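Values in this document were obtained by computation on a predicted structure and should not be read as measured data. Letters A, B, ... are given to chains in the order of the sequence lines, protein chains preceding strands, and every chain is numbered from 1.
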Amino acid sequence: MPRYTPSTIEPRWQDLWADEGTYNIDNDDPREKRYVLSMYPYPSGPAHIGHVRNYTFGDLLVRYHTMNGKGVLSPIGFDSFGLPAENAAMKSGEHPRPFTDARIVELTSSLRRIGAVYDSRRTLKSHDPMFMKWTQWIFLRFFEAGLVYRATSPVNWCPGCQTVLANEQVIDGRCDRSDDLVEKRDMEQWFYKITDYAQELLDELDGLDWPDRVKTMQRNWIGRSEGAEFGLPIADADGNARSDVPPLPVYTTRPDTGFGMTFAVMAPEHPRVDELTSDEQREAVEAFRSQVNTKSDIERMSTSRAADKRGIFTGGSVVNPFTGKPIPLFLADYVLMGYGTGAIMAVPGQDQRDWDFARTHDLEIVRTVQPPDDFDGEAYVGTGPAINSAREDLDLDGLDVAEAKAKASDWLIEQDLGEPKINFRLRDWLLSRQRFWGCPIPMVYCDSCGLRPLPDSELPIVAPDDVDFTAIGSPLTKHEGFLNTTCPDCGEPARRETDTMDTFVDSSWYFLRFTDPWNDELPFSKEAVSRFLPVDQYIGGVEHAILHLLYTRFFMKALADIGLAPKDLREPMKRLFTQGMVRMGGGKMSKSKGNTVAPEAIIDAHGADALRLAILQVKPPAEDVDWEDFQLEGCERFLHRLWRLAHPETDLYSNPRDGEPNEADAAIETAAHVLIDRVSNEYERWAYNTAVAGFMEFTNTLYRYVQAPDGPHQATLDHALDTVVQLLAPAVPHMTAELWKLRHDGEHVHLTTWPVADQAKLVVDTVTMIVQVNGKVRDRFEVSAEISAQEAQDLALGSENVQAQLDGEPKKIIVRQPKIVNIVA
RNA sequence: GCCCGGGUGGCGGAAUGGCAGACGCGACGGAUUCAAAAUCCGUUGUCCGAAAGGGCGUGUGGGUUCGACUCCCACUCCGGGCACCA
């Protein structure tokens, strides 16, 4: 019998799947569709072990659904724009394109070597001009639909690199590349109006078959809150409301606590600060504002985390409309300009932040909710009856929080002071990056026409090749050939936008392009999209739980609303699975720590099948796993055992029988059907680790069976082995393909039909009945599954072991035949 | 601070409220071998016992139940997410 040698078997099958296009699917394929998609990777070179885990799970499902008669769409692509390539370019001076292409070749080869199969005709890359064209085209459609706008926004600016940094590039307030101190700068930026969809993004989470954890994270991120917005009249020197200036709007979720508002606070960036600051305080306020401005976020947060909230008195006052009394107006950095109205009513009695601020600035504190008697905290945020909250036309005293909220809110409406308001924490998506290696934003600046979109005919706008990476800042801003163009409207000289798009834009629609990659009239046709969407199973890491997965949902809704995608297609990802990370010694794997695992080396030594099996076996797929915990030896040993057992020239036994099967044969036959049932179920439930245990168990059983003195019954054994090989085919594709070919005259296991368990064989006729005394097992019997309650009880009481535990008559006997009898002594 | 997960043998982990520890690793014993590796067959939670058998065992404390790893309450430790969102 030839040895099992994965190094010769595996490439052969990989070639065959690729050459024959086994997993290609045409759009007019008549089979019921399944769209199985693993998040497309950033091409960083050969696959790392995390990739292998991710793509093994996806590949298993692709092969499993195919064997179940489905027409599976299994595409792969590359998220090929992004920082690492640009950083490498800055180091070497080489253009990021050849660098990126080389990494894609390496990663493609890795994926092929782990046996992952795709419809390679549909493969795409973000930096492919054809893909860029449609990314830009969609941008223009969004622009036309009013979903794109420009606004000033504070950004992280690295003075050394002359560029904007993403939050994750700012480490302890410094640039992760140059180590310069990062500044906050206000710059004009491009935004997608994702907040238009905040409510729908929140509502439709409920219907998604996603991990609860991810749905919760998105809910929190969207952060819907219900409250009221109302105006605080500006007070004159005598404390009376002025009618000549508009009031200061504030947002609160607790209108019921209005009587406890003893001061008001504006964000330092609030546009009305100058107007509302008194002359005496102006200098101090200016000093405070510039101090806040130069602080990085991190400093601002760490200092303000201390109990004393940092702030300053404006010298001005506003009127508390509930009490009619003037209250001082402050500036404080714990109030954020970006949320609500950028100004708040401060109620120290019911809000800890306001409490802290009131204490450091010696301000009045009035409780408006009665805390319980045993309450010994500071601000009381719990429920209770309202107190100190009455005036002539509004009496909240005694009402609970919910009632008081409603009544106070109604009063604000009646008085024409304000209205109920819903706020979201979600901000619009800042999509522009001052980077070279991204998809350029297709807009121009014309001196006479202003900001103009480019016509579709000029797309794609591709970054030039002859650029200098050794200079500081994005090369696009210095490339005259790229910069200078003509205005599409008036034909006069104009400048091109040099910002590129966030790479999350590419990943927000790539899964749609997969359905129609040959289309050169549109990014995708509605027909192709409705043929394959929604994605039946999306697979990726939890690190994308919020941004990527929120952006794809936004894109889907927007594309549907502007008529590019089917109108009723609101959600792109029907089912999501987030697999865990692969770690090293409890920590994250990273090249800098030198603790990476090279999957290619493992494949060289043990084969892709052993690695795939080890990935499936080691832990439930959702959990993080340490590389040290992988059981590669055990998995490899199992594969060798199965090979030896299932190979037609096996040396394990020499005495196969024909004729009538005996009892032992029947037990094997039954076990095979139980295995079909079990594994099918476990594949569906992502319980791959227990499925592998099932294979090992069954194989161990077969070893004992064939080595027993009677020898195996040939037909029974063949069926059992064929079953294992088929069931294992999605998980361990190369070896099972080879074994099946040897056993079945060249046939291809992945084109066979998934076995179906014979339900009649799953019916058990004898079971082990356990007998407990006071919940402890004292005896067990093999009994018929149809045993009566009386028989079961009699059997239990007849047990010597049970009698030894009994002291007199049992108090009570619970019979759950045929599985258990519990005797209470 | 708030919101999620999770604590089970020497280790990774199994277990619709019904035999805790499947399967694998490791360890130990046996077969094979001149010998070893590989392979094959066993044993392996822990304590007492020669054995039969018994005591104790799923982070801690309580509760519900005939019966709890599983459900409920409180606590604790570990991991993750968000973090002044009014």
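- B:G9 adopts a syn glycosidic conformation, its chi angle falling within 90° of 0.
- For the pair A:Lys619 and B:G12, the criterion of a side-chain N or O lying under 4.0 Å from OP1 or OP2 is not met.
- Atom CD1 in A:Ile813 sits roughly 20 Å away from atom P in B:U65 (whole-Å rounding).
- Across the protein-nucleic acid pair, A:Asn220 atom CG and B:G80 atom P stand 18 Å apart, rounded to whole Å.
- Residues A:Asn423 and A:Ser225 bring no donor and acceptor atom of their side chains to less than 3.5 Å of each other.
- The cationic atom of A:Arg641 (NZ for Lys, CZ for Arg) lies less than 6.0 Å from the six-membered ring centre of A:Tyr703 and within 45° of the ring axis.
- Without hydrogens or angle criteria, A:Ser409 side chain to A:Pro420 main chain gives no donor-acceptor distance under 3.5 Å.
- Among the nucleotides B:A22, B:A20, B:G67, the one closest to any side-chain atom of A:Glu697 is B:A22.
- Between A:Thr768 and the options A:Glu782, A:Lys819, A:Arg780, a side-chain hydrogen bond (donor to acceptor under 3.5 Å, both in side chains) holds for only A:Glu782.
- Side-chain atoms of A:Tyr703 lie closest to B:C41 of the nucleotides B:A14, B:C19, B:C41.
- The nucleotide whose nearest atom lies closest to any side-chain atom of A:Met696 is, among B:G67, B:C23, B:C41, B:C23.
- Within the structure, every side-chain polar atom (N or O) of A:Arg637 is placed at least 4.0 Å from both OP1 and OP2 of B:A38.
- Here the side chain of A:Gln772 is nearest to one of B:G42, B:A14, B:C19, namely B:C19.
- The listed nucleotides are B:C82, B:A86, B:C41; the one nearest the side chain of A:Leu336 is B:A86.
- OP1 or OP2 of B:A52 has not a single side-chain nitrogen or oxygen of A:Arg778 nearer than 4.0 Å.
- For the pair A:Asn801 CG and B:A51 C1', the interatomic distance rounds to 14 Å; values are reported in whole Å.
- Between the P atoms of B:U60 and B:G9, the separation comes to 10 Å (whole Å).
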